[in-house]
Amino acid sequence: MPQIEEIDLLPPKGVRPPVIGPGHDLGTATDRIAGIVLTKHTPLFWFAIVALAVTIVGMLNTAIAYLFARGTGIWGINIPVGWGFAIVNFVWWIGIGHAGTLISAILLLFKQSWRTSINRFAEAMTIFAVMQAGLFPLIHTGRPWLAAYWLFPLPLTMGVWPQFRSPLIWDVFAVSTYFTVSFLFWGVGLIPDFANLRDSAKSLVVRRIYGMLAMGWRGSARHWNRYETAYMLLAGLATPLVLSVHSVVSLDFAVAVVPGWHTTFFPPYFVAGAIFSGFAMVLILAIPFRYLYNMQDFITLRHLQNCGKLMLATGSIVAYAYVLEMFIGWYSQDKYELAMVHNRLHGPYSHYYFMLVFCNIISPQSLWFNKVRSTPWMLFVLSCIVQFGMWLERFVIVVMSLQRDFIPSSWGMYWFTKWDVMTLVGTMGFFTLLFFLFIRFMPAISIFEIRALLPQAKVKE
Amino acid sequence: MMTSEPIYGMMAEFDNPTDLVHAAQGAFDAGYRKMDAYTPYPLEEAAEAIGSHHNRVPLITLIGAMLGMIGGYSLQYWVSAVNYPINVGGKPFHSWPAFIPVTFECAVLGASLAAVFGMLALNGLPQPYHPVFNTPGFVRASRDHFFLCIESQDPGTGRMRPGVFSRLSILYKCRRCRIRTPAQIRIILLALGAISAIAGCRQDMQNQPRFIPLRSSEFFPDQRSARYPVPGTVPRLDNAAWDAEQLDPNSYYLTGRHGAAFGNELPFPLTRQVLARGQDRYAIYCSPCHGLVGDGNGMIVQRGFKHPPTFHQTRLRNAPVGYFYDIISHGLGAMPDYAAQLHPADRWAVAAYLRALQCSQDPLMCGANIPPDVPTVDKRIKTPSSSYTSPTAMQPQGGVKP
């Protein structure tokens, strides 16, 4: 089998890197991936990362506990900027999840077999990102114990119901459906792999645990037939769903008559931005994962290149949307829209806007070069820049439109507090914790789909 | 022992998918239908070869989508147009375009749940035990080997020709065990049944297993539900020294009367502690109506409750202390009895304090000597009522001046 270093070497011009490193058969591929879970020797870096993440989660808990004790006054929000970090972080995290569904559902429908190596952890990324996003609507009032009937239509004695004509309640349905469907998709994909872990595990306890999770899966051809049907149907359902989720999120803004928000191109703009940041997150997770666990022969340069290309494509749509935003402001000739454009370029937050342009428009242009698309560390750095840029985008949209109200006497500034930052960083730690627990205890790469990709898996005539 | 168990089927193991598909096709062509292939990844050709083409998952998914859609739309219509209509600028309550997003999400949710759980149900999962798991080496069915099982239920198995299995790598007899619910599932079902049984034995508070007072009972020979105390039952007592009085329901201690007339003395010695106790109880139970000075202007009276008579009137100044005890025990007019709140000893203490309260407003009543040069404010004090007779038996001892 070739060495890891050789796999990462760029093949000659005109030859695309393979989807799976050479030399694998059904057995070795299974053992390599299941080995991460079934090993007796948990690597030291895993403990280090989990310990760090747990510490950060402690900080998150502190920030949330203080929030519940004192109320939202500890945050930087005030009039006129009543929407602050909570909605910025919500939109950012929800967007990150979108690439997972794109990889698992849309690329499945398009029969893009390279998606197989990364779909499992991309789906996990989706679920964990939506969990972080869901945290913010729950805590953003500082009174989460009342969230039940604020969010969901519950038959209570008060007889109060949500306003179904509001995009905010659409959001509740979209996000909770998105989480449920993503979870089902992920869970269904895991069943055959749990069966494999059940059969490979040495210890009785481990065998029992994975045996329960596998639900008695035995690989029957009749079962596989129904399984594949259900899997494709889920993919078909998740595709319009994922497009609807960020469209609905964008309607939270677009339905309001605030300059900078009230535009019809928001839904496609938000969806493209979501997938853009999502692929950046896939790379941020995949590059350390393949390096730490020596998974270079399953997550090859081909995957990194393809993610880079998708980032370039969606990033270009986002860049187009930024241009369009400015154009619409000018084209409307509405004085408030013009003032918004002026505020973006010359207002007190203009440095945020120029950082955003650098992160999301200028830096992704480097992806035109094959060298960048094929060098893991460059992709990693670029993904971090893009991720920061996409966060800035939501900050710019939320804060810059609100801080200049229609009447100059109502203008104000927004400064986030340390509690805002602790909550944001805390969700990153929570996300990392969940992700590394997932890598340790569940197969992070879909084993049965990798098997189906191998040359030995084909029936010869 | 093992051989006496029925055979589930014949199991063949292959190390590549091509041989499996060919063997399955051969078996299918030979007329076998009750068979299944076991593969470590979805192998479309294997499903085709054993004659498994279509399934009902799409139909179930469609039903789930329809239910979700109808449910989502109905919820919004009922909430927005029927149960909780909010008029926003005269716009219609049944504003269907605004209901589309949630209807769509509900349809996707219903369809996804139906697809997953329908697939699991059709596959008969979760099913932790299955006879094929007894096949030696079957753990490789989830790794890199392929299995084909012709089940003994197939009418063709009895006349199985050797030619069909000639190309099989290894041939196993997979012993059939009766497929029964595994122990864990049975325990869980049993536990669930027990929980529901416990829930069925629920005891509501309005239906208590006790006798209502004076209701008859078929259980006891005398058909009375109320029982006498067991012979020899010893009552709980306040003070052993007054046992005799407390045990007698007609005693002065419990009635405040000597025969028919009220007594004018305490049944126990008057001490500072008794008066302090009386003051304490009075402040808690009596002052809300009677007021802290006993003038009947308590807080409840100030808020509209019936005004009780003041204690500082001739009739009550002359009333014997047993009279107060009796009223505390049985109530009078608007005043309820305080038997439940005040123990007999406490009632006597309150009665003693009442007398002290009366003295506080009329020192002469208690025989106080007011020097003539002391300026007085209240004429009533200077010239006490002529009908007043000092209740000498109830004079507070030792400097009790409230």
Side-chain angles (χ1 to χ4, degrees), chain A residues 25-27 30-31 153 159-165 167 169-170 173-174 176-177 180-181 184-185 187-188 191-192 195-196 198-200 211-212 215-230 233-234 237-238 240-241 244 248 251 448-449 451-452 456-461, chain B residues 16-18 21 24 36-47 49-50 52-53 55 57-58 61 72 75-76 79-80 83-84 86 88 95 98-99 101-102 104-106 108-109 111-113 115-116 118-120 122-123 125-130 132-133 138-144 147:
Chain A
D25 62 26
L26 295 172
T30 303
D31 293 343
V160 175
W161 294 94
Q163 170 60 284
F164 278 111
R165 302 173 192 90
I169 192 74
W170 303 349
F173 277 80
S176 54
T177 301
T180 312
V181 173
L184 287 174
F185 208 73
V188 164
I191 292 173
N196 171 253
R198 171 196 66 199
D199 294 340
S200 311
M212 276 186 255
M215 297 194 276
W217 183 262
R218 52 186 188 272
S220 154
R222 293 175 204 278
H223 290 189
W224 276 123
N225 184 4
R226 299 188 189 104
Y227 180 92
E228 285 286 276
T229 309
L233 281 169
L234 275 183
L237 291 165
L241 176 66
S244 82
V248 166
L251 292 179
F448 81 92
E449 285 175 294
R451 284 191 206 112
Q456 297 92 321
K458 303 285 178 290
V459 175
K460 299 182 191 69
E461 287 306 319
Chain B
N16 67 80
T18 313
V21 171
D36 209 342
Y38 299 93
T39 56
Y41 53 87
L43 193 62
E44 209 173 312
E45 293 89 341
I50 61 167
S52 168
H53 303 286
N55 60 60
V57 173
T61 308
L75 171 74
Q76 294 178 86
V79 164
S80 308
N83 188 255
Y84 195 56
I86 300 174
V88 182
S95 49
F99 298 162
V102 171
F104 169 77
E105 305 295 344
C106 289
V108 169
L109 184 65
S112 304
L113 291 170
V116 171
M119 181 270 287
L120 289 176
L122 290 174
N123 286 350
L125 301 177
Q127 184 186 11
Y129 174 76
H130 193 273
V132 298
F133 286 125
F138 193 74
V139 289
R140 297 189 79 173
S142 68
R143 189 169 182 268
D144 55 353
F147 292 80

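Just so it is clear, the model here is predicted, and its values are computed rather than measured. Only this structure's heavy atoms are used, side chains among them; waters, hydrogens and symmetry mates stay out. Letters A, B, ... are given to chains in the order of the sequence lines, protein chains preceding strands, and every chain is numbered from 1.
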In Å, rounded to the nearest 0.5 Å, how long is the span from [atom1] of [X] to [atom2] of [Y]?
X      : Y      : atom1 : atom2 : value
A/Q456 : B/T18  : CD    : OG1   : 11.0 Å
B/E105 : A/L241 : CD    : CG    : 5.5 Å
A/D199 : B/R143 : CG    : CZ    : 11.0 Å

Which portion of [X] sits near chain B, non-hydrogen atoms under 4.5 angstrom:
X      : value
A/T180 : side chain
A/A457 : both
A/D25  : neither
A/Q163 : side chain
A/P167 : neither
A/L251 : neither
A/L233 : side chain
A/P192 : neither

Which of [options] touches chain A most, by non-hydrogen pairs under 4.5 Å:
options                        : value
B/C106, B/G118, B/P40, B/G72   : B/P40
B/A49, B/A24, B/S80            : B/S80
B/V79, B/L109, B/V108          : B/V79
B/D144, B/V139, B/N123, B/V102 : B/N123

For the candidates [options], which exhibits the highest count of non-hydrogen atom pairs separated by less than 4.5 Å from chain B?
options                        : value
A/Y227, A/F173, A/W217, A/W161 : A/W161
A/T30, A/L237, A/V181          : A/L237
A/S200, A/P240, A/P153         : A/P240
A/R222, A/K460, A/E228         : A/R222
A/G216, A/G219, A/A230         : A/G219

Report which part of [X] has an atom under 4.5 Å of a heavy atom belonging to chain A: side chain, backbone, both, or neither.
X      : result
B/T61  : side chain
B/P58  : both
B/V57  : both
B/Q76  : both
B/L113 : both

A/I191 side chain near A/M215 side chain, heavy-atom distance below 4.5 Å: yes

Counterpart residues, ring-ring contact (aromatic ring centres under 6.0 Å, His included), relative to B/Y38 (two or more places apart): B/F138

Worked check of side-chain contact (heavy atoms from CB on, under 4.5 Å) between A/R451 and A/N196: CA-CA 12 Å; A/R451 284 191 206 112; A/N196 171 253; 3.4 Å; yes

Residue pair B/V132, B/D36: steps toward the side-chain contact (heavy atoms from CB on, under 4.5 Å) verdict: CA-CA 10 Å; B/V132 298; B/D36 209 342; over 6 Å; no

Shortest non-hydrogen contact between B/P42 and A/W224, atoms and distance: CD-CZ3, 3.6 Å

